[in-house]
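Report on the structure given below.
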Amino acid sequence: VTASGSRNQALLLSSVVFALAHLPPAVAGPVMAGDWAQFSAYLTSSLPEQVWLMGGGSLFGALWLRTGSVTLLSIVHTIANLGGVLAAGWAAF
């Protein structure tokens with residue numbers, strides 16, 4: 001059992017944190033200014049992306065719960081990032 005009370009709660013919380021950590025830097029402006037209406041509008045407009053990021057965070061969290069390896073998570077995250085870069089590169093051809 002984790003500090004949050006359960007593994008499922010910890011997995012959900014970590015996936016939300018993962019999604020929020022991957023918000024673009026431009027979102028920091030409304031947060032720093034306390035403009036919660038603009039921040040909320042951004043989150044609403046980027047909801048599909050946030051859902052995907054939460055799903056990815058859940059997969060990473062589940063992988064860590066299964067293996068306990070941060071190194072493996074780093075490798076998988078790198079491969080995921082490279083996949084997007086390679087796909088964008090191939091689209092240019």
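Cluster annotation: Val76 is connected to Val70 through the hydrophobic network of ILVMFWY side chains, with a link wherever side-chain heavy atoms come within less than 4.5 Å.
Contact record, Ser15 with Gly57: CB-C, 3.8 Å, taken as the closest heavy-atom pair.
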I'd like a table of donor-acceptor pairs (distance under 3.5 Å, sequence neighbours excluded) in which one partner is a side-chain atom from residues 60-67, with atom names and distances.
residue	atom	partner	partner atom	Å
Thr67	OG1	Leu63	O	2.9
Thr67	OG1	Ser69	N	3.2

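For the pair His22 and Trp52, the minimum side-chain heavy-atom distance is 4.5 Å or more.
Here Leu47 is tied into one hydrophobic group with Val51, each link being a pair of ILVMFWY side chains closer than 4.5 Å. Residue Trp36 is found in a hydrophobic cluster whose other members, listed by chain and number, are Leu12, Val16, Leu20, Leu23, Val27, Val31, Phe39, Tyr42, Leu43, Met54; membership requires side-chain heavy atoms under 4.5 Å apart, directly or through intermediates.
No option in Asn81, Leu73, Ile79 other than Asn81 meets the side-chain contact (heavy atoms from CB on, under 4.5 Å) test with His77.
Side-chain atoms of Ser6 come within 3.5 Å of backbone atoms of Gln9 as a donor-acceptor pair (strictly under, hydrogens ignored).
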